[in-house]
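All remarks here apply to the structure that follows.
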Amino acid sequence: MSSVKYTSLDEIQKIHDTLEASFLSGRMRDIPARKHQLARLAYMIKENVPAICDALRVDMNRPPTETVLNETSLVVGEAALAYSKVSTWSKDIIPSTLLTFKPMRPRIKPTPKGVVLIISPFNYPWLLTFVPLIGAIAAGNTVVLKVPETLEKTTPLMEELVRKYLDPNVVRVVVGSVQETTKLLQLKWDHILFTGSARVGHIVSAAAAKFNTPLTLELGGKCPVIVDPANANYKIIAKRILWGRTSNAGQTCTAPEYILIPRHAQSDLAKALKEVYATFFPEENALPHMVSGDATKRVAGYLERTQGEIVAGGKVDIADKFIAPTVLCGVGGDDVVMQDEIFGPLLSIVPVEDLDEAIAFINKRPQALAIYVFSHDDAFKERVTRSTRSGAIAFNDVVMQTGMRGLPFGGSGASGYGSYKGKYGFDTFTHFRSSMETPSWVEPFLSVRYPPYTKSKEASGLRLVDASLPFDNQGRATLLSKALHWIPHAILFMILGYILHRHLSTIEGARALLPF
Amino acid sequence: MVRENEEAFHTALYEDLHRSRVETVLGEFSPILHEVVETYNHIDEWTKDIKPPTTATYQVMRPRIKPSPKGIVLIIAPFNYPLNLSLTPLISAIAAGNTVVIKFSESLPTVSPLVEELIAKYLDPDVVRVVQGAVDEVNELLKLEWNHIFFTGSTKVGKIIATAAAKFITPVTLELGGKCPIIVDPRKADFKVIARRILWGRTSNSGQVCVCPDYVLIPRTHQRQLVDALKEVYVEFYPGGPQTSDSFGRLVNSGSVKRITGYLEGSKGDVVLGGLTNASKDGDPKYLPPTVVANVLGDDATMQEEMFGPVISIVPIDSLDDAIKFINDRPQPLALYVFSHDSEFKKKVTRSTRSGAIDFNDTMTHAIAAGLAFGGSGNSGYGQYHGKYGFDTFTHYRSSLETPTWAEAVLSFRYPPFPSWKLKMAEISLLPSRFPFDKNGKKTLLSRIQSFLPMFLVIVLAYYYRRDIRARSPIKF
């Protein structure tokens, strides 16, 4: 049982009400206020890296290098990006629209949604709490963070740092388990971003439905890898996959769970994995552990009941919450390790006949957060891309899309919906409020819309808003529309040609062009 | 399909909703056709892989975002603008590459079968199919797994849809309703123009538009002026009276009439225009005249639910702050309308309220303007469509990257084991030594100089270069 102190239910209600009032007071509307919080968040992480790494080492035996590579540097980078971009992102958008509507000043105003709730899991507590927070603050909302409660050292550290660095009228932390989360879900939020298991995802979305609250769900799934044996460099493939699977003791939602490879190439891959295993893990005590005894028992159970063959690893120490990174060979589609997301350091190799069978295998199962394809053949890669659906698809590597600057992070199908990171985070927590302004002088033109509707009004109204279709009824572009498309280019060409002609026909003219 | 069957649609809509032709052109055909043209013209651009801006180090891993269809989607359309509210999202769903099932309203005995017949005739049955029905059929549909559900309708049913979708983790777009308020600033107001725009908004489609203005907040001192202006405009619109006018619609069914009659009977306001006594029901059971109720209080019977009929309430208030509080005490509306010429006034309302959209000095226009995002916020729904927003709604943006083999030399840094030098190197290379901002969020002097530097250098270089050219050239120019 964790010794972490939970927030009381009364306190939770108070926190919600405080943040709602704070939002309505308009304090986060101004960009400088948002930038202030983003800057403080950046310093919050940067100034406390040793404490953060230390806490995670105690909680999960995670090597500090992993924490720096996979968590702190990404949060800091996102905070700095949001700081520099928030002004641009929150500017009114002038949409492209018909000429007839232009006098009515169409605008789309990015507006904060209100008070939002972010629920984050234990596996990457800093990344999965603070990157969404960055999006929410940049968008101008006030935020409640329901942080993971099972990390003895990290949870109190998060609470303390948020209290110290961020404005309590803008960001508050709630710690708790089922009871506290249930209480949170009974309140009305303007957006909920949930990262966690599908089971709890269902509960969150059912609760959100009562208030018509928009949601972002970042769930999980079993991420498959497809390996194309043609020209394969098994050493590199093995390194990349094993790294992805074993980081954080396998507790990564985008980690590769199983590998689909033609039967004849299975042993090559298994051999490469064994070799890489030896170089990665010369000593056990540097390895990250599972987060809890229950998690360890669950994964140990899979290991006991699997029909696959262990080619590397296999050691289990329940008392120490330790499962050694393990590679299983010859795993079948209905094996116990192929049922739920493992969320532990077990990697299964599932032999198949060919690419067709691999694709069918993937499509029979719920959509995952990512599909990984190792191949040098463009046709192979294209085929997988077109025939499957997943949150993301990466080629010749794993997991990197989660942290990569510029790419949205989100799932599809059973792995969730919505996405965040960078501008996508800002958009997630923003309501794009459309706006028009009708000046008085357009009244004569508008009169066509007022009753009584005479035949002449019908005709002139039609003329104002009618659309000429640039295609025939089979969908082919009409000759006229093709011609119209090229006319501006043709005119520009002629003007340019004329200018050049004038200049080049005299020495002086030519010299004038020289410095450029 | 739309263009070739305009006559048939006009007739059917007149039959079911007594809708005038101009309204159908402005509110249905025009938006649909513009949506098609816009989508057709831009689809190549929208479906291209996106190259996101990223850091130099990540560039080598070819990050791309691939717009991908979600799969099979369900569109549930309401009765009030049956073509616009079904075909416009259909256009976006098809553009995004999905297959679509549309469920039409059961309250339109002529229009719904007509659209079904035409869709079967014009569109590929492997891509688009129609389902007709009411509550039972919708419940059956909701038992199946969809990759997106697009629902336009009432808040009550919206909750049922969202709850059902939760079981399959299905993303949902909810275009709901609410009571759209108008705030009138009487200073320099041209009450005739305001009255015309308000009455047009309220009486279109016999008041059955989700973005119809529902009630007006105006200072007590000017209520009379607005009412007088509305009376004048009423006569302008319907010289022979609304019941005999071909320009005024009907409510969709007798249930609606009963509901609104109930509001009017229970109202404590003053009926200054139209009203129940002026409704002659003989042979015209779905008719309710355009009605204006003045001196309405916040807890009046007409102020409880969305009216969805041709009745507008005028709520006198004493100040702008009162008006803003009145609005904020209620669920967020789909649209908010502000009549004012004072930019401070307009800014204050914009900043202090939340709504799906906000229009100034007019009503309903944002719904028809192609290019704007159309959607609600809070209780009026979430998600948006029209134009690219529609395409985005039905698209999954699939992130992708490709790591080259040669990058292994650099990437191997990330692999275990992790001796302490790796930690030091990671900290040095990945964590910035200083930020371009201080702890209070202000840009540092150093970063200001740094951002100005490139421009400064260009100017200096250009100056010296030009000076050089002039000195060397024999020709004076």
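The figures that follow rest on heavy atoms only: side chains count, while hydrogens, waters and symmetry mates do not. Below, chains carry the letters A, B, ... as their sequence lines are ordered, and counting in each starts from 1.
Judged purely by atom type and a 3.5 angstrom limit, B:Gln384 uses its side chain to pair as donor or acceptor with the backbone of A:Phe432. Judged by distance alone, with hydrogens and angles left aside, the side-chain atoms of A:Tyr83 form a donor-acceptor pair with the main-chain N or O of B:Gly441 at under 3.5 Å. Put simply, the side chain of B:His396 gets close to the backbone of A:Gly391: a donor and an acceptor are under 3.5 Å apart. With B:Thr54 contributing its side chain and A:Arg405 its backbone, the two residues share a donor-acceptor pair below 3.5 Å. Remark: the backbone N or O of B:Leu26 is not paired with any side-chain donor or acceptor of A:Arg449 at under 3.5 angstrom. Checking side-chain atoms of B:Asp359 against main-chain N and O of A:Met436 turns up a donor-acceptor pair under 3.5 Å. Checked by atom type and distance alone, the side chain of A:Ser434 pairs as donor or acceptor with a backbone atom of B:Ala373 at under 3.5 Å. Without hydrogens or angle criteria, A:Arg389 side chain to B:Lys70 main chain gives a donor-acceptor distance under 3.5 Å. A donor-acceptor contact shorter than 3.5 Å links the side chain of B:Ser247 to the backbone of A:Tyr453.
Only the side chain of A:Met104 comes within contact range of chain B, with at least one heavy atom under 4.5 Å from a heavy atom of that chain. In this structure, no portion of A:Arg105 lies under 4.5 Å from any heavy atom of chain B. Only the backbone of A:Pro439 comes within contact range of chain B, with at least one heavy atom under 4.5 Å from a heavy atom of that chain. For A:Leu81, no part sits under 4.5 Å from any heavy atom of chain B, backbone or side chain. Residue contact with chain B, scored on non-hydrogen atoms closer than 4.5 Å, is absent for A:His191. Using a 4.5 Å cut-off between heavy atoms, A:Thr279 touches chain B through its backbone atoms (N, CA, C, O) alone. Of the two parts of A:Lys423, neither the backbone nor the side chain holds a non-hydrogen atom closer than 4.5 Å to a non-hydrogen atom of chain B.
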What's the verdict on salt bridge (Lys or Arg N to Asp or Glu O under 4.0 Å) for A:Glu443 and B:Lys192, showing C-alpha distance, side-chain angles and the deciding distance? CA-CA 11 Å; A:Glu443 195 66 10; B:Lys192 194 73 181 295; over 6 Å; no

For A:Ile108 and B:Tyr389: C-alpha separation, side-chain torsions, deciding distance, then whether side-chain contact (heavy atoms from CB on, under 4.5 Å) applies. CA-CA 12 Å; A:Ile108 303 173; B:Tyr389 293 93; 3.1 Å; yes

Please determine whether side-chain contact (heavy atoms from CB on, under 4.5 Å) holds for the pair B:Ser400 and A:Phe395, giving the CA-CA distance in whole Å, both sets of side-chain angles, and the decisive distance to 0.1 Å. CA-CA 8 Å; B:Ser400 134; A:Phe395 301 102; 3.9 Å; yes

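Between B:Lys422 and A:Glu66, none of the side-chain N atoms (NZ, or NE/NH1/NH2) sits under 4.0 Å from a carboxylate O, so this pair counts as no salt bridge. The pair B:Arg414-A:Asp397 meets the salt-bridge criterion, with a side-chain N (NZ, NE, NH1 or NH2) lying under 4.0 Å from an Asp/Glu carboxylate O.
A distance of 4.0 Å separates NE2 in A:His202 from CD1 in B:Ile169, rounded to the nearest 0.5 Å. Rounding to the nearest 0.5 angstrom, the gap separating the CZ atom in A:Arg107 from the CG atom in B:Leu372 is 10.0 Å. Atom OH of A:Tyr450 is separated from atom CZ of B:Arg197 by 5.0 Å, given to the nearest 0.5 angstrom.
Note: B:Gly371 leads B:Gly371, B:Gly387, B:Pro419 in heavy-atom pairs under 4.5 Å with chain A. Chain A forms the most heavy-atom pairs under 4.5 Å with one residue out of B:Val36, B:Asp246, B:Thr170, B:Asn379, and that residue is B:Thr170.
Taking the side chain as every heavy atom from C-beta outward, B:Thr353 and A:Arg433 approach each other to under 4.5 Å. Counting heavy atoms from C-beta outward, A:Ser435 and B:Phe360 have side chains that approach closer than 4.5 Å.
In the displayed structure, B:Lys442 atom NZ is contacted under 6.0 Å by at most 12 heavy atoms of other residues, nucleotides or ligands.
When only modelled atom types and interatomic distance are considered, A:Ser390 and B:Arg398 share a side-chain donor-acceptor pair under 3.5 Å.
Taking the ring centre of B:Phe435 as origin, the terminal cationic atom of A:Lys46 falls inside the region bounded by 6.0 Å and 45° from the ring axis.
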